[in-house]
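Report on the following structure.
Starting from 1, each residue takes its place in the sequence as its number. Counting starts at 1 for both ligands and their atoms, following the listed order. Predicted model, so just to flag it, every value in this text is computed and none were measured.
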Amino acid sequence: MSFRLKTILGIAMIELTVMVALIGFNHFALGGSASTQLYERAEAVSRIFANAVSDAVIATDLATLDATIASAVSDEEVTYLRIKSASGAVLAQGGDAAALATPFVRDADFEAAQSDHLIDVDLQIVVAGTAYGAIELGLSTLAVEEQISQALKWNILVALLGMSLVAVFGYGLGTILTRQLRGLRQGARAIAAGDLSCQIKVHGRDELADTARCFNNMAQKLERDRAVLQEQQDELLDKKARVEVLVGCLRDISEDRDIAEVPDAKRPDEIGDMARATVAFYNAKKKIERARLQQQRLVSAFDQVDEQVAIFGTDGTLLFANRAFRSFNAEICEALPPHFTLRGFLNTGLKQGAFPNVADKAAWVDEQMAHQNGSPYEIQRSGNCVLLATQSRIEGIGTVFSARDVTELRNSENQLIQASKLATLGEMATGVAHELNQPLGVIRMAATNCVKRIDKGKWDVDYLRSKLVRVGEQTSRAAQIIDHMRLFGRKADGVHSPFDLRQSLTEILALARPKLSTGDVSLTLDLPDGTAFVMGERVIFEQVLLNLVSNAHDAIQSSGETEGKIVVSASFDGEDGHVIKVTDNGGGVPEALLDKLFEPFFTTKDPGKGTGLGLSISFGTIRDMGGKLSVHNAQTGACFKICLPAFQHEAVVENEQIDPAA
Ligand code: ADP
């Protein structure tokens, strides 16, 4: 039921109730009053008639009585009139016959009269206290009843009219009142149907108008919000579509398909970020693929080379080992897990007897692990096999270990050394001859003098003895020189023993000096006092010295220096142990080449003149003695510096090979 209908019905019900109450009140109030008035009138009329006819009754003037009655009943209201004597006899009567024929019964009130629509009243005719008769009067109630009925009808009519008016006004009012509500309802329905642009008409300034205004504001705001939401939704849908495209690209990339172009890479928003990340991912993947390809090529290239290569990561574990490494060290590798460390490799090799049987295994392993500066070093393997190895630390990768079998090279080198020594011996022949000449000259002189004395018959025993002693001494000296040559010409046996640097330097440089003097190069030996023992193979050490002096000589010659100078100086028992320096004035070594000097086969000499092995062998020799050979440029030429650990003097006492007093 609509609000308007409820309003109309409500008002109609109120109106009906009020009308019914009004009509009821009117009916009963008006009816009551009319009937009472009628009843009182009936009594008043009866009193008037009683007075009017009292004389005629006393006089029994029937004619007057009849005339009076005729006059009385001429009134429509008076239905009948009867006049009785004191004895009850009817003196005169007139009016409605039917009413006259009906026995008279006085009506006590108006209700009693209503049954026959007559008010029956009677009154004694009393004059001076004496009752002379009575009158009976019947007064019609029809007129009053008709009035009451008419009044009721009018009331009802008015009520109906009022109700109709109320209904019309109620309808109008309801229409006016519910008009705003209808607008609100239509607006709400429109909004429910999705039409947020609807605006309802605002009538007046009442609460409903306020509500309507609020409704309109709400609708506007909803529309704005919906527009924003729609925009955002459109944006999201657009992004979703673009993300799907990017996901497709990523799928293509991850499934190794090529992609033509990544869209939206220039957008400044998060889709652009994603697109750029996808491009970066694609490029990175391509790079990785290229790197992998290169890696495969590198691995197969590494596998082709004879050099053993193993790469250990920053955590020390094996990343890669080439075929040469794995096949050469197959037995050791088999006993190790796949990602072994270099230390583990060395320890396992030691256990298997692949490396030298050293007393202090841990120290040996530590020593091997210490070669991480990229300098070449030798590893002795079982079966007289020698490896030339390097360990280079590479930032971000770890350590690259490489090794190659130089057994044959070493053998050749040894042969070369031997040949070179023999050649040196040949070159030293002049020096040797010169050295031998001295004692031989002394011996000859002594012998000649002795012979002269004997020939003269002078047998001075003391003189002869002193000469013979001199001869003996010089013979020993000559024997020493010959011994040294023999020693120098001998093959190296690898046995280290203590020897005195002073003696070694003096003797070997004495042999070398005559050769140098032929080229106008002076050799100065500057040694401190005292002995300086080191441990090593003396002949090999002397070969190093001869090599350094020979190189210095060559440098001076090729520099064109006319006053060549080679200085061999030494300082004993210093901070660096025993130090020997060989300095020349041959111009030095170009700075860029300083690092390469000790590399095997590095030479700047003409083909056939230099082998490039001298310094690399010398470097290994000094290192094997526990020392270090280094080079730097001095003022006028190169300076080679040998540092050797000092050997404990007490330990030399038993040594027979060297006689410091000789
Ligand atoms: P080789 O003498 O057969 O060339 P080395 O290993 O003895 O081999 O020497 C390598 C190179 O070092 C020489 O070719 C030379 O260029 C350089 N060198 C050695 N000693 C000197 C020096 N005293 N002054 C200048 N350069 C030198």
So which of D405, N329, T407 actually passes side chain to side chain donor-acceptor pair (under 3.5 Å) with R381?
->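 Going through the options one by one, the only one that passes is N329.
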
Only one of E507, Q543, H496 clears side chain to side chain donor-acceptor pair (under 3.5 Å) with R538; which?
->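 With R538 as partner, side chain to side chain donor-acceptor pair (under 3.5 Å) holds for just one option, E507.
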
Could you check [atom] against the protein and tell me its nearest heavy-atom contact, residue, atom and distance included?
atom: atom 2 (O) of ligand 1; result: K605 NZ, 2.5 Å
atom: atom 10 (C) of ligand 1; result: F602 O, 3.2 Å
atom: atom 14 (O) of ligand 1; result: T604 N, 2.8 Å

Can you list the ligand 1 atoms lying under 4.0 Å from a non-hydrogen atom of [X]?
X: A638; answer: 22 (C), 23 (N), 24 (N)
X: A555; answer: 22 (C), 24 (N), 25 (C)
X: V589; answer: 25 (C), 26 (N)
X: A552; answer: 23 (N)
X: G588; answer: 25 (C)

Determine if the distance from atom 16 (O) of ligand 1 to the closest protein heavy atom is below 4.0 Å.
->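 Yes.
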
Would R323 count as a cation-pi partner of F302, with NZ or CZ less than 6.0 Å from the six-membered ring centre and within 45° of the ring normal?
->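 No; the conditions do not both hold, so R323 does not lie above the ring face of F302.
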
Closest to atom 12 (O) of ligand 1 (judged by heavy-atom distance), picking from D584, L597, N551 =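 That would be L597.
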
Determine, considering heavy atoms only, which of T603, N633, L615, N547 sits nearest to atom 6 (O) of ligand 1.
->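 Among T603, N633, L615, N547, the closest heavy atom to atom 6 (O) of ligand 1 belongs to L615.
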
Ion pair check, E289 and K286, cut-off under 4.0 Å |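 Between K286 and E289 there is a salt bridge, with a charged N closer than 4.0 Å to a carboxylate O.
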
Salt-bridge criterion met for D576 and K628 (N-O under 4.0 Å) =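 K628 and D576: not salt-bridged.
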
For T278, all residues meeting side chain to side chain donor-acceptor pair (under 3.5 Å), sequence neighbours excluded =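 T278 satisfies side chain to side chain donor-acceptor pair (under 3.5 Å) with no residue once adjacent residues are dropped.
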
Does the side chain of L318 reach to within under 4.5 Å of the side chain of F320, using non-hydrogen atoms?
->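 Sidechains of F320 and L318: no contact.
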
